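Working notes for the structure below.
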Amino acid sequence: MTLAVVAALHDELRSLLAHLESPRVEMRGGRTLHLGRLAGQDVVLVLSGIGKVAAAATAALLIDRYGVRSILFTGVAGGLAPDVGVGDVVVADALLQHDLDASPLFPRWEVPLTGRSRFATDPPRSAVLQSAVDEVLAASHPALASFGLKATRAHRGLIVSGDRFVSSAAESAALREALPDALAVEMEGAAMAQVCSDFGCPLTVLRTISDRADDAAHVDFPRFLREVAAEFSRDIVLTALAKGLG
Ligand code: ADE
């Protein structure tokens with residue numbers, strides 16, 4: 001059985017694709033699946049596309065058609081909590097869809113008929129991922145300095161997802177007020193977590209903070225993606241695989 005590594009953007013996956021041994025490509029559901037071996041493990045690397053539907057469809061495909069034993073989602077996110085800055089890395093403990101609201105029929109954020117708004121990631125695998133993050137962040141990363149960033153930090157906790165790129169101070173403040181323990185916001189993780197929960201498939205989610213989800217353009221996003229986030233993804237995923245994340 002294989003481990004799936006999923007990202008929403010090509011730059012987030014490209015650095016890992018270069019390391020894939022015995023690569024083989026399959027097309028399915030409009031997606032290109034790259035099968036092969038990475039750090040001694042059978043893997044499938046795939047771009048989900050952006051947003052919750054794309055993430056959910058990809059998770060269902062990977063689990064039901066490819067029988068993957070677990071999924072690791074890697075990519076970038078906007079920082080929400082005050083101490084989560086650009087260049088930091090977040091490992092999710094749980095995920096929630098911040099734009100899901102079937103009230104008054106169901107409580108805000110609750111996935112109807114499940115009784116749940118928060119979906120947990122796999123604790124043992126997340127611990128392995130976290131130790132890989134700590135190891136990689138402890139090394140020096142010259143690219144950070146070119147963005148005016150110094151030491152970056154690791155965080156663990158709640159990530160929230162929605163079908164919106166959060167890019168105004170008002171919206172990120174509203175999210176912070178509504179969900180004070182949310183560390184970061186992105187557009188896929190919670191959808192993937194819901195599908196993984198339906199199928200009983202273990203999930204881990206890794207996000208490098210690319211922006212503060214407000215109206216300030218802190219960094220050149222495409223360059224940050226290529227030079228920092230893609231390298232973090234590659235180094236952390238390869239380290240986690242070597243540490244036995246399966
Ligand atoms: N991914 C990276 N930054 C994001 C943001 N500000 N909002 C949603 N998804 C993101």
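In listed order, ligands and their atoms are each counted from 1. This structure is a prediction, so every number in the text was calculated from the model and none was measured.
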Starting from the N and O atoms of ligand 1, find every protein N or O within less than 3.5 Å and list the pair with its distance.
unit_1	atom_1	unit_2	atom_2	d
ligand 1	3 (N)	Gly78	N	3.3
ligand 1	3 (N)	Asp211	OD1	3.4
ligand 1	3 (N)	Asp211	OD2	2.6
ligand 1	6 (N)	Val166	O	2.8
ligand 1	6 (N)	Asp211	OD1	2.8
ligand 1	7 (N)	Val166	N	2.9

Task: Salt bridge Glu186-Arg164, side-chain N to carboxylate O under 4.0 Å - done: no

Task: Sequence-distant partners of Arg125, salt bridge (Lys or Arg N to Asp or Glu O under 4.0 Å), two or more places apart - done: Asp122

Open item on the list: Could you go through Thr2 and Arg69, starting from their C-alpha distance and side-chain angles, then the distance that decides it, and tell me whether this counts as side chain to side chain donor-acceptor pair (under 3.5 Å)?
Closed with: CA-CA 6 Å; Thr2 55; Arg69 66 168 179 271; over 6 Å; no

Task: Asp181 bridged to Arg118 by N-O distance under 4.0 Å - done: yes

Task: Shortest non-hydrogen separation from Arg156 to Ser126 and the atoms involved - done: NH2-CB, 3.5 Å

Open item on the list: Run the side chain to side chain donor-acceptor pair (under 3.5 Å) test on Glu110 and Ser117 for me, step by step, so that the C-alpha distance in whole Å, both residues' side-chain angles and the decisive distance to 0.1 Å come before the verdict.
Closed with: CA-CA 4 Å; Glu110 187 171 298; Ser117 56; over 6 Å; no

